[in-house]
> 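Structure incoming, see below.
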Amino acid sequence: MLALTDFSSRLIAWQRIHGRHDLPWQNTRDAYRIWLSEIMLQQTQVSTVIPYYARFLERFPTVTALADAPIDDVMALWAGLGYYSRARNLHRCAQVVAHEHGGAFPQTVEALAMLPGIGRSTAAAIASFAFAARATILDGNVKRVLARVFGVEGFPGEKRVENAMWALAESLLPDAANKDEVTAYTQGLMDLGATLCVRGKPDCVRCPFASDCVAKVEGRQRELPAARPKKAVPTRKTWMLILQDGDSVLLQKRPPVGIWGGLWSLPEAADEAALAEVARDLGAEHLQRLAPLSHTFTHFKLDIEPRLGEACSAPRELMNAETVWAPLAKIDAYGVPAPVRKLIDALSGSLI
DNA sequence: AAGTCGGGGTC
DNA sequence: GACCCAGACTT
């Protein structure tokens, strides 16, 4: 077994030379910026987050600016990033920080973890990066590194395995003679997992732990960490109405909970006949079949049957806070799910 | 403990 | 396609 006291010092030394130092949310102790990045990075890769992060900071430079913004603006800016409960919790968290903490994030892991959308690992990351607190993270990167280096068996999503990893991660924390060490250590865990100890083909040649790593020594990089148990994903089917009136389409707001919660989407029905009824109620005519679209989520597959309709007698009196005509040119102002956005974009293209 | 919640990167 | 990503939250 690798000497535990050596792990952190070797990781910190590696991070200072070979780690990432120029990500947009690094080189700052601004808790707001760090928090925003950590929420966006939950289950989301760095390259995906970067453009969203830049747009958010430009639009909401401070936690107070974010707290004061309408939730619809937040959802519109988040659209396409996924896991939309993160956006609602982000907004709620900003309001709690602004109104109950005087605009400053609390500095302890315990207090941070009480805020909406901040769990144990994210709290530790914020505390470590913003306040140099001695706290450990346990994200996908860390689970992979620990499983390989220390030969931790079992699927990390299983409670027993996860608990063991939390304990191991805690035991590996450096004593932190100076403030920057915990930050470099936490960043090192992430960097090692994201740049060398990757899932597919780990770059063991460059790894500071290659000579001690259980997975490397035993040639089991592909087996560790253990994969998630397979599970069949069901298929659902839905019919969507693209109701067009000149350069506008009709959007309806989805309920706050459930899939695409709080986003703007198209009128929907469970079958062809039900959609025809929805279309009739909305004054749609000349219903036209469009190419089906399939979208795979984490736990189910969605087959979409789009129908294009013309708003011949569109009842404007039906318009309310939950139903709007959105100009195609201003669709960015609405939070629209990615596959729905794809459908609307295809329509815009065909109009040109 | 198991289910819910996105979209895209990468092999 | 399969599998996962700087996970949190609900049931």
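All chains are named by letter (A, B, ...) in the order of the sequence lines, taking the proteins before the strands, and each is independently numbered beginning at 1.
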> Start with the C-alpha distance between A/L290 and A/I242, add both sets of side-chain angles, then the distance that settles side chain to side chain contact (heavy atoms under 4.5 Å, CB included), and finish with yes or no.
CA-CA 10 Å; A/L290 297 180; A/I242 306 179; 3.8 Å; yes
> Just jot down the side-chain hydrogen bond (donor to acceptor under 3.5 Å, both in side chains) partners of A/Q43, sequence neighbours excluded, or say none.
none
> Under 4.0 Å, heavy atom to any atom of DNA chain B: which of residues 20-41 of chain A qualify?
none
> Do the rings of A/F297 and A/W260 sit parallel, tilted or perpendicular, given the 30° and 60° boundaries?
tilted
> Does A/K237 come within less than 4.0 Å of A/D271, counting only side-chain N to carboxylate O?
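A salt bridge is absent here (no side-chain N lies under 4.0 Å from a carboxylate O).
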> Kindly state whether the ring of A/F56 and the ring of A/Y32 have centres lying under 6.0 angstrom apart.
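No, ring centres 6.0 Å or more apart.
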> How does protein reach along nucleotides 2-11 of chain B, written 5' to 3' as B (base within reach of a heavy atom under 4.0 Å), S (only sugar-phosphate), or - (no contact)?
-SSBBB-S--
> Can you confirm whether or not the ring centre of A/W25 sits under 6.0 Å from the ring centre of A/Y53?
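Yes, the ring centres sit under 6.0 Å apart.
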> Provide, to the nearest angstrom, the distance between the CZ atom belonging to A/R228 and the C1' atom belonging to C/dG1.
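Distance check: A/R228 CZ to C/dG1 C1' gives 17 Å.
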> Mind running a 4.0 Å heavy-atom check of residues 129-140 of chain A against DNA chain C and sending the residues that fall below it, in number order?
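Listed by number, they are A/D139, A/G140.
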> Is a salt bridge present between A/E153 and A/R220, judged by a nitrogen-to-oxygen distance below 4.0 Å?
yes
> Quick test of your reading: applying salt bridge (Lys or Arg N to Asp or Glu O under 4.0 Å), list the pairs with at least one residue in residues 105-125 of chain A, sequence neighbours left out, ordered by first then second residue.
A/R120-A/E170
> Check this for me: does any side-chain nitrogen of one of A/E162 and A/R160 sit under 4.0 Å from a carboxylate oxygen of the other?
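Result for this pair is no, no salt bridge flagged.
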> Given the C1' atoms of C/dC3 and B/dG6, what is the spacing between them in whole Å?
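Per the computed distance, 15 Å lies between those C1' atoms.
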> Which is true for A/V142 with a 4.0 Å heavy-atom rule: it touches a base, it touches only sugar-phosphate, or it touches nothing?
nothing
> Between C/dA8 and B/dG9, how far is it from one P atom to the other, in whole Å?
23 Å
> Looking at A/R20 and A/D22, does any basic side-chain N land under 4.0 Å from a carboxylate oxygen?
no
> Enumerate the salt bridge (Lys or Arg N to Asp or Glu O under 4.0 Å) contacts for residues 124-142 of chain A, please, sequence neighbours excluded, ordered by first and then second residue.
A/R134-A/D175
> For C/dC9 and B/dG8, measure between their C1' atoms and round to the nearest Å.
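Per the computed distance, 23 Å lies between those C1' atoms.
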> Check each residue of residues 182-193 of chain A for a non-hydrogen atom within less than 4.0 Å of any atom in DNA chain C, then write out the ones that pass by number, or none.
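Here the set is A/Q187, A/M190.
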> Could you write out each protein N or O paired with an N or O of nucleotides 9-11 of chain C at a distance under 3.5 Å?
unit_1, atom_1, unit_2, atom_2, d
C/dC9, OP1, A/G117, N, 2.4

> Which residues pass the salt bridge (charged side-chain N to carboxylate O under 4.0 Å, His left out) test with A/R59, not counting sequence neighbours?
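So A/R59 forms a salt bridge (charged side-chain N to carboxylate O under 4.0 Å, His left out) with A/D73.
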> Do any pairs count as a salt bridge (Lys or Arg N to Asp or Glu O under 4.0 Å) and have a residue in residues 200-210 of chain A, sequence neighbours left out, and if so which ones?
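Residue pairs passing salt bridge (Lys or Arg N to Asp or Glu O under 4.0 Å), neighbours aside: A/D203-A/R206.
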> Rounding to an integer number of angstrom, what distance separates B/dC5 and C/dC4 when you compare their C1' atoms?
15 Å
> Listing request: all ring-ring contact (aromatic ring centres under 6.0 Å, His included) pairs with a residue in residues 91-148 of chain A, at least two apart in sequence or in separate chains.
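Found A/W35-A/F105.
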> If you look only at pairs with a residue in residues 322-336 of chain A, which of them pass as a salt bridge (Lys or Arg N to Asp or Glu O under 4.0 Å), with sequence neighbours excluded?
A/D332-A/R341
> Should the pair A/E268-A/R254 be classified as a salt bridge under the 4.0 Å nitrogen-to-oxygen rule?
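Salt bridge present between A/E268 and A/R254.
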